[in-house]
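Just the heavy atoms: all of them, side chains too, but no hydrogens, waters or symmetry mates, feed the values below. Below, chains carry the letters A, B, ... as their sequence lines are ordered, and counting in each starts from 1. These numbers come from a predicted model, not from an experiment.
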2 protein chains.
Amino acid sequence: MKKKRTTIKDIANVLNISPAAVSKALHDDSRISAKTKAAVKRVAKELNYQPNHLASALRKGKSNLVGVIVPRTSSNFFSSVIQNIEEVLNREGYNIIITQSNESFKKECSNIDTLLFTQVDGIIASMANETVDLSYYEKIKSKGIPLILFDRGENDLNVDYIGINDYDSSFMIVEHLISKGCKRIAHIGGFRHTRIFNNRIRGYIDAIHRYNLPHDDDLLIESSLTMEDGRLKMQELLALENPPDAVYIAGDYAALGALQLLKEKNIDVPNDICLVGFGNEPFTSLVTPTITSINQHSEQIGQLAAKTFLERVKMDPLKQTLNKIILDAALIERDSS
Amino acid sequence: MKKKRTTIKDIANVLNISPAAVSKALHDDSRISAKTKAAVKRVAKELNYQPNHLASALRKGKSNLVGVIVPRTSSNFFSSVIQNIEEVLNREGYNIIITQSNESFKKECSNIDTLLFTQVDGIIASMANETVDLSYYEKIKSKGIPLILFDRGENDLNVDYIGINDYDSSFMIVEHLISKGCKRIAHIGGFRHTRIFNNRIRGYIDAIHRYNLPHDDDLLIESSLTMEDGRLKMQELLALENPPDAVYIAGDYAALGALQLLKEKNIDVPNDICLVGFGNEPFTSLVTPTITSINQHSEQIGQLAAKTFLERVKMDPLKQTLNKIILDAALIERDSS
DNA sequence: TACTTTTGCTTAAACGTTTAAGCAAATATA
DNA sequence: TATATTTGCTTAAACGTTTAAGCAAAAGTA
């Protein structure tokens with residue numbers, strides 16, 4: 001009852017030529033006559049031939065699949081990066097497999113296993129918040145499979161990386177807040193062990209020092225940057241005996257949570273407290289007040305990640321040099337500051 | 001320089017047994033002695049053996065991959081459905097390939113081609129807004145590959161479907177608005193050619209009639225339900241000589257756009273106009289005012305879609321009966337109504 | 001004319017696994 | 001003791017493709 005797929009053999013039988021000739025004809029091999037090629041393609045179409053990807057992947061040792069690992073797809077940033085990766089790779093005949101870690105180290109490891117098992121030709125990833133143990137990523141490298149990190153990367157892993165200049169962006173935000181007259185600027189950051197969040201914290205601290213603002217330990221809080229966490233940490237800041245007049249939060253979702261709390265407490269943003277987020281998620285321009293944020297250039301990051309992968313597979317492995325691409329981010333000023 | 005993968009043959013050589021025995025040992029075949037099994041597994045671990053998925057998929061004619069097609073991953077609804085599909089399928093040894101159509105019919109077709117080419121064992125999909133031509137979906141069915149639709153389905157395609165009761169949800173929303181004292185209720189719906197949107201429109205119309213409210217043609221608008229479109233259609237409604245006192249919008253993003261416009265025009269929600277969305281996206285509880293919406297049970301939908309697929313592949317093809325699962329959705333009342 | 005080269009195909013092996021069939025040895029049954 | 005069954009493996013083919021090697025015929029060259 002099950003339909004047999006048309007194979008290269010079927011085409012060969014119809015035309016009384018060898019399967020090898022058919023394969024070559026379909027790949028426009030120069031040693032096959034134009035007449036045969038035409039005939040093969042005609043019959044292929046007639047029989048509705050679809051190449052068996054598994055067979056060719058097995059034979060060629062190449063699956064034309066690229067794995068993508070993101071903390072989650074629901075954030076606009078990651079979703080947009082993915083979309084751009086896909087666009088670039090599709091053009092070159094690659095397809096992508098998207099997996100989500102949900103910020104869990106365990107899930108991330110199992111995702112890596114899954115992708116390796118599926119025989120992907122490369123992996124493009126942004127690390128989970130939890131991830132500190134890099135042995136799983138080393139595993140990818142040790143298999144000789146190209147690994148490209150973006151956004152959430154790690155300096156210790158000697159791999160290609162595409163991201164924005166977090167330090168500068170952070171510095172820029174603080175300068176912006178100062179220009180608005182803020183004197184006590186707090187920072188709800190991500191966890192320091194993640195490089196990008198560490199850089200944002202460094203940028204914040206250095207800018208504070210540079211402009212001789214109070215560098216109060218209470219004003220710097222590390223967090224998981226979820227919405228709930230944004231609320232919570234904001235509450236902590238408000239409870240200080242000397243609360244801040246501006247809060248820079250290293251993630252838009254957490255900024256949203258914080259804004260929610262401020263509104264509930266009838267604290268006026270930006271008049272009582274200025275607020276700045278990070279990531280330029282679409283909702284930042286939709287809430288009231290709109291939230292000042294940093295545009296991370298998701299489109300470019302996706303495209304560059306894909307192109308870096310393509311370089312890796314195309315180029316001579318010997319003369320490859322590590323790509324560390326750092327883009328300049330843009331501050332998008334809105335009503336919250 | 002390239003590292004050779006460990007194969008079943010390598011293990012066989014070490015132990016001086018046949019590759020077949022190794023394969024069976026790894027699969028706990030009853031005809032292999034416990035001693036041999038133990039030895040095989042020990043050596044497999046020592047040599048860091050990873051089965052070649054392509055080879056086994058080719059041989060077994062089964063890739064253990066399931067394709068998922070969604071309009072976009074950035075909406076929380078789809079992202080959550082995907083996550084739940086993945087969880088259920090992973091437990092059964094399946095992995096998923098996620099693709100996005102971006103609401104484009106062309107992209108959807110190319111996604112289907114990609115997935116078929118990748119030899120997926122099944123496809124779980126939610127259709128793009130644009131899709132009216134179903135021939136590509138027929139193609140999946142004609143290959144004998146299980147196809148399961150969710151949310152955006154199509155009655156003409158005789159396939160499994162999981163969704164919510166759009167008609168009832170719509171009816172419920174209108175009743176809710178009436179209970180709040182609204183007299184002129186408008187509906188910004190999706191396009192009628194998509195079944196779910198048609199059902200929502202029918203629910204709206206029937207409820208309007210049932211409660212003897214004015215059924216003005218101007219009050220019913222079809223739209224693509226993007227944020228921008230929400231703004232635009234809201235503007236149209238406001239421009240009416242007899243504008244509505246309540247608007248029910250068949251998508252949260254469009255509702256957000258509409259809310260934005262209303263706020264800009266200083267129209268008070270809910271006092272001047274009540275607003276209800278659809279989908280219960282996280283931001284509905286975050287904006288001011290919070291938006292009343294419909295919870296679509298993304299978790300259950302994902303789980304059921306995955307389980308339906310598993311049934312399809314496990315069960316005898318002969319005694320299979322079509323699954324049409326319709327869940328009851330829940331109205332989440334918030335400040336906007 | 002005698003050779004080299006090119007063209008256009010074929011043959012056969014390979015990718016790594018699974019599995020049907022088979023076979024000898026061990027064990028059970030009568 | 002003779003026969004049947006079970007156990008534990010092996011052999012070989014198969015999945016559908018690609019590709020190295022090879023070979024005859026055609027075309028080019030001297």
Side-chain angles (χ1 to χ4, degrees), chain A residues 2-41 43-44 47-65 93 116-121 143-144, chain B residues 2-41 43-44 47-65 93 116-121 143-144:
Chain A
K2 31 165 48 180
K3 314 187 172 62
K4 288 287 289 172
R5 297 172 59 101
T6 309
T7 73
I8 242 172
K9 244 179 178 168
D10 300 326
I11 302 177
N13 286 339
V14 171
L15 296 169
N16 265 320
I17 57 177
S18 70
V22 174
S23 171
K24 289 176 183 167
L26 291 171
H27 289 89
D28 275 324
D29 188 296
S30 63
R31 300 285 288 274
I32 300 291
S33 71
K35 211 172 71 181
T36 307
K37 279 182 192 170
V40 165
K41 286 175 184 172
V43 174
L47 299 184
N48 191 24
Y49 169 72
Q50 295 269 130
N52 185 321
H53 167 251
L54 296 172
S56 78
L58 173 61
R59 176 58 231 248
K60 296 200 289 193
K62 193 167 175 306
S63 68
N64 270 41
L65 253 34
L116 292 177
F117 173 74
T118 319
Q119 237 85 25
V120 292
D121 291 343
K143 295 223 179 233
Chain B
K2 34 166 39 181
K3 316 194 169 56
K4 289 289 290 172
R5 297 173 58 100
T6 309
T7 72
I8 243 172
K9 245 180 177 167
D10 301 324
I11 302 177
N13 286 337
V14 171
L15 296 170
N16 265 319
I17 57 176
S18 71
V22 174
S23 171
K24 288 178 183 163
L26 290 172
H27 289 90
D28 276 325
D29 189 297
S30 63
R31 301 285 287 271
I32 299 292
S33 69
K35 210 171 70 179
T36 307
K37 280 183 191 170
V40 165
K41 286 174 183 170
V43 175
L47 299 185
N48 190 24
Y49 168 73
Q50 295 269 129
N52 184 322
H53 168 250
L54 296 172
S56 80
L58 173 60
R59 176 58 230 251
K60 296 200 291 194
K62 191 165 178 306
S63 68
N64 270 42
L65 253 36
L116 293 177
F117 173 74
T118 319
Q119 237 84 26
V120 292
D121 290 344
K143 296 224 179 234

Open item on the list: With a 4.5 Å cut-off on side-chain heavy atoms, are L26(B) and I8(B) touching?
Closed with: yes

Open item on the list: Suppose we call a contact any N or O donor and acceptor under 3.5 Å apart; does that hold for the side chain of K24(A) and the base of dT10(C)?
Closed with: yes

TODO: Could you check how far CG of L47(B) sits from P of dG16(C), rounded to whole Å?
DONE: 15 Å

Open item on the list: From CG of D29(A) over to P of dT10(C), roughly how many Å is that when rounded to an integer?
Closed with: 13 Å

Open item on the list: Output the rounded distance in Å from CG (L58(B)) to C1' (dC15(C)).
Closed with: 9 Å

TODO: Would you confirm whether K37(A), through its side chain, and D29(A), through its main-chain N or O, come within 3.5 Å as a donor-acceptor pair?
DONE: yes

TODO: Could you check if a side-chain atom of V43(A) sits within less than 4.5 angstrom of a side-chain atom of V22(A), using non-hydrogen atoms only?
DONE: no

Task: Minimum-distance nucleotide (side-chain atoms of N52(A) versus dA14(D), dT18(D), dG16(D)) - done: dG16(D)

Task: Gap between atoms NZ and P, on K9(B) and dA12(D) respectively (whole Å) - done: 13 Å

Open item on the list: From CG of L15(A) over to C1' of dC9(C), roughly how many Å is that when rounded to an integer?
Closed with: 13 Å

Task: Contact nearer the 5' end of DNA chain C, comparing L54(B) with R31(B) - done: L54(B)

Task: Sugar-phosphate only, base, or nothing, as touched by S56(A) at under 4.0 Å among non-hydrogen atoms - done: sugar-phosphate

Task: Most 5' of T36(B) and T7(A) on DNA chain D, judged by nearest nucleotide - done: T36(B)

TODO: Take L26(A) and S30(B), find for each the nucleotide of DNA chain D with the closest heavy atom, and name the residue whose nucleotide sits nearer the 5' end.
DONE: S30(B)

Task: Gap between atoms CD1 and C1', on I17(A) and dT11(C) respectively (whole Å) - done: 14 Å

- [ ] Answer with base, sugar-phosphate or nothing: what part of the nucleic acid does H27(A) contact at a heavy-atom distance below 4.0 Å?
- [x] sugar-phosphate

TODO: May I have the step-by-step check of side chain to side chain contact (heavy atoms under 4.5 Å, CB included) for Q119(B) and N52(A), ending in yes or no?
DONE: CA-CA 7 Å; Q119(B) 237 84 26; N52(A) 185 321; 3.6 Å; yes

TODO: Could you please name the option among dT18(D), dG16(C), dT11(C) that lies closest to any side-chain atom of K60(A)?
DONE: dT18(D)

TODO: Take atom NE2 of H53(B) and atom C1' of dC15(D), then tell me their distance rounded to the nearest Å.
DONE: 14 Å

- [ ] Check whether any side-chain nitrogen or oxygen of S33(A) sits under 4.0 Å from OP1 or OP2 of dG8(C), and answer yes or no.
- [x] no

Open item on the list: I'd like to check D28(A) versus K41(A) (side-chain heavy atoms, cut-off strictly below 4.5 Å). Are they in contact?
Closed with: yes

Open item on the list: Base, sugar-phosphate or nothing for S18(A)? Non-hydrogen atoms, less than 4.0 Å.
Closed with: base

Task: Atom-pair distance (CZ on R59(A); C1' on dT17(C)), nearest Å - done: 16 Å

